[in-house]
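Below is one structure, written out as structure tokens; the observations come after it.
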Amino acid sequence: MLIATWNVNSIRSRIDLVKDWLITNEVDILCLQETKTEDQFFPVEVFSKLGYEVSISGQKSYNGVAILSRFPINDIKIGFDQVISDYKDLSILSQQKRIISAEINDIRVINVYVPNGSAMDSDKFIYKKKWIECLKIYLEKINSNNIPICLLGDFNIAPEDKDIHTPSNYKESIMASSKERKLLKDALSGKLEDVFRIFEPRAQNWSWWDYRHSAWEKDKGWRIDHIYLTENILSCANSCWIDKETRSKERPSDHAPVIVDISWPQSEIENEFFF
DNA sequence: ATGGCTCATCTAATGAGA
């Protein structure tokens with residue numbers, strides 16, 4: 001089974017690219033961020049024609065997340081407030097559509113678009129900090145029944161220096177700071193593993209290239225799009241890669257898709273032993 | 001490398017992203 005995450009930077013601008021990508025790559029579950037449209041304008045039928053169920057949480061112009069799945073989508077939770085009730089800034093954090101989760105094939109798939117934070121001394125950074133603190137509570141709550149979790153999306157944080165093209169240029173700046181790295185690590189609570197790093201320990205693997213400064217041509221990128229798995233499903237992961245080629249297409253998103261291949265459901269594997 | 005890209009918005013110049 002293939003599960004992918006992709007910040008598409010507007011689903012309506014990227015519809016042909018996403019459609020072609022799905023036809024070529026045949027992923028089973030695709031989590032999208034920055035769809036940038038209200039639910040009524042989301043091109044649902046394009047994906048249902050390809051055999052995908054669609055769950056969306058969008059808003060006008062900004063943010064917006066969606067899950068496309070070839071398997072039935074169950075128990076959809078939109079926003080933080082459908083899962084938790086005990087965080088003081090819940091109503092402010094719920095205004096921006098940045099999290100959607102669902103149970104698919106006995107996996108809790110959690111699709112996130114973490115706020116960028118703008119600059120370390122800004123109000124937007126305070127919002128980012130609160131958002132990740134709230135995510136921690138959300139993960140604790142949703143993990144109470146020990147169901148396998150796949151947490152994926154655009155985290156707007158480079159977990160390590162090797163996830164940045166020139167780390168010396170971004171010491172303690174936004175997306176690279178030790179503060180953000182600690183916040184993310186705390187939210188993961190030692191229970192969720194960055195599956196890309198299980199298979200690829202080397203640097204120079206980016207998932208985002210700035211539109212400006214010829215960042216793509218110079219291969220100056222960041223790895224800010226991640227897939228995290230709990231131990232009970234991590235052991236079934238076969239590989240994880242970034243589809244860099246997609247960033248080279250005409251009118252691309254500034255992010256490339258990240259894909260994980262998992263032997264799942266496990267019953268299929270047992271059957272293979274039989275025959 | 002951050003003003004020099006791209007997106008969405010009551011189609012012009014602005015805010016946001018990262």
Side-chain angles (χ1 to χ4, degrees), chain A residues 5-19 21 31-43 56-66 92-93 95-99 111-132 135 152-181 183-184 204-226 242 244 246-258:
Chain A
T5 176
W6 191 5
N7 178 325
V8 288
N9 185 13
S10 170
I11 188 59
R12 287 189 287 174
S13 284
R14 225 63 68 200
I15 187 63
D16 291 339
L17 193 60
V18 176
K19 186 185 167 189
W21 190 82
C31 292
L32 304 172
Q33 302 88 38
E34 281 206 88
T35 51
K36 292 188 171 179
T37 187
E38 289 170 294
D39 294 354
Q40 55 177 323
F41 301 123
F42 192 100
I56 46 185
S57 175
Q59 66 184 90
K60 197 174 182 176
S61 301
Y62 306 113
N63 312 313
V65 283
I92 300 163
L93 295 177
Q95 286 165 8
Q96 300 185 7
K97 307 305 178 195
R98 293 178 176 275
I99 181 165
N111 176 17
V112 299
Y113 173 45
V114 177
N116 169 263
S118 190
M120 293 302 289
D121 57 356
S122 67
D123 289 345
K124 285 180 184 169
F125 181 76
I126 296 167
Y127 192 91
K128 182 177 196 175
K129 179 174 182 284
K130 285 178 178 172
W131 202 93
I132 301 169
L135 177 64
L152 72 174
D154 176 359
F155 288 79
N156 272 317
I157 296 173
E160 296 178 85
D161 279 354
K162 67 180 176 186
D163 299 311
I164 307 171
H165 61 88
T166 316
S168 55
N169 290 345
Y170 304 97
K171 288 271 179 232
E172 295 305 325
S173 67
I174 200 72
M175 300 199 297
S177 72
S178 48
K179 242 181 199 173
E180 288 160 273
R181 288 173 177 173
L183 278 165
L184 177 57
Q204 310 294 318
N205 290 280
W206 324 128
S207 69
W208 170 76
W209 295 257
D210 200 319
Y211 284 126
R212 299 167 293 178
H213 320 299
S214 309
W216 169 252
E217 287 74 14
K218 294 173 184 167
D219 196 29
K220 289 189 169 186
W222 295 56
R223 193 178 69 90
I224 56 175
D225 303 87
H226 315 140
I242 299 167
K244 192 174 170 179
T246 296
R247 181 64 176 79
S248 70
K249 304 265 188 194
E250 210 171 306
R251 291 189 73 225
S253 167
D254 44 354
H255 295 253
V258 186

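All values below come from the heavy atoms of this structure, side chains included, with hydrogens, waters and symmetry mates left out. So that the names make sense, note that chain A is the first sequence line, chain B the second, and so on, each numbered from 1.
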Checklist entry - Which residue pairs satisfy the salt bridge (Lys or Arg N to Asp or Glu O under 4.0 Å) criterion with at least one member in residues 166-176 of chain A, sequence neighbours excluded? => result A:D161-A:K171
Checklist outcome for this item: note: A:R98, atom CZ; B:dA16, atom P; distance rounded to Å ~ 12 Å
Next on the checklist: Work out how far the C1' atom of B:dC10 is from that of B:dA18, and round it to whole angstrom.
Outcome noted: 28 Å
Next on the checklist: Just to verify, which of A:Q95, A:R98, A:K97 counts as forming a side chain to side chain donor-acceptor pair (under 3.5 Å) with A:N63?
Outcome noted: A:R98
Checklist entry - When the distance from CZ of A:R223 to P of B:dA18 is rounded to whole Å, what number comes out? => result 17 Å
Item to check | Side chains of A:W216 and A:K244 in contact at under 4.5 Å (non-hydrogen atoms) | outcome: yes
Next on the checklist: Could you tell me how far B:dG3 sits from B:dA16 if I compare only their P atoms? Round to whole Å.
Outcome noted: 16 Å
Next on the checklist: Regarding A:N63, tell me which of base, sugar-phosphate or nothing describes its non-hydrogen contacts under 4.0 Å with the strands shown.
Outcome noted: nothing
Item to check | Minimum heavy-atom distance A:D225-A:V258, with the two atoms named | outcome: O-CG2, 3.7 Å
Item to check | Sequence-aligned protein contact record of nucleotides 2-10 of chain B, with B where the base is within under 4.0 Å of a protein heavy atom and S where only the sugar-phosphate is | outcome: B-SBSSSSS
Checklist entry - Do the non-hydrogen side-chain atoms of A:L17 and A:W6 ever get within less than 4.5 Å of each other? => result yes
Item to check | Length of the CD-C1' vector between A:E34 and B:dG15, whole Å | outcome: 13 Å
Item to check | Between B:dG15 (P) and A:K124 (NZ): distance, integer Å | outcome: 10 Å
Next on the checklist: Ignoring hydrogens and geometry beyond distance, is a side-chain donor-acceptor pair present between A:K128 and A:N116 at under 3.5 Å?
Outcome noted: no
Item to check | Whole-Å distance separating the CD1 atom of A:I174 from the C1' atom of B:dA1 | outcome: 17 Å
Item to check | Interatomic distance where NE2 belongs to A:H255 and C1' belongs to B:dG17 [whole Å] | outcome: 8 Å
Next on the checklist: Could you tell me how far B:dG15 sits from B:dA1 if I compare only their P atoms? Round to whole Å.
Outcome noted: 27 Å
Checklist entry - Looking at A:N116, does any N or O in its side chain come under 4.0 Å of the phosphate oxygens OP1/OP2 on B:dG17? => result no
Checklist entry - Using atom C1' of each nucleotide, how far apart are B:dA12 and B:dC7 to the nearest Å? => result 15 Å
Item to check | Inter-nucleotide C1' distance (B:dG4, B:dT9), Å rounded | outcome: 22 Å
Checklist entry - How close or far is atom P of B:dA18 from atom CE of A:M120, stated in whole angstroms? => result 16 Å
Item to check | CA sep, side-chain torsions, deciding dist, call: A:H255, A:N9, side-chain contact (heavy atoms from CB on, under 4.5 Å) | outcome: CA-CA 8 Å; A:H255 295 253; A:N9 185 13; 5.7 Å; no
Next on the checklist: Please report the distance separating the C1' of B:dA8 from the corresponding atom of B:dA13, rounded so that it comes out in whole Å.
Outcome noted: 12 Å
Checklist entry - What does A:D225 touch in the nucleic acid at a heavy-atom separation under 4.0 angstrom: a base, only the sugar-phosphate, or nothing? => result nothing
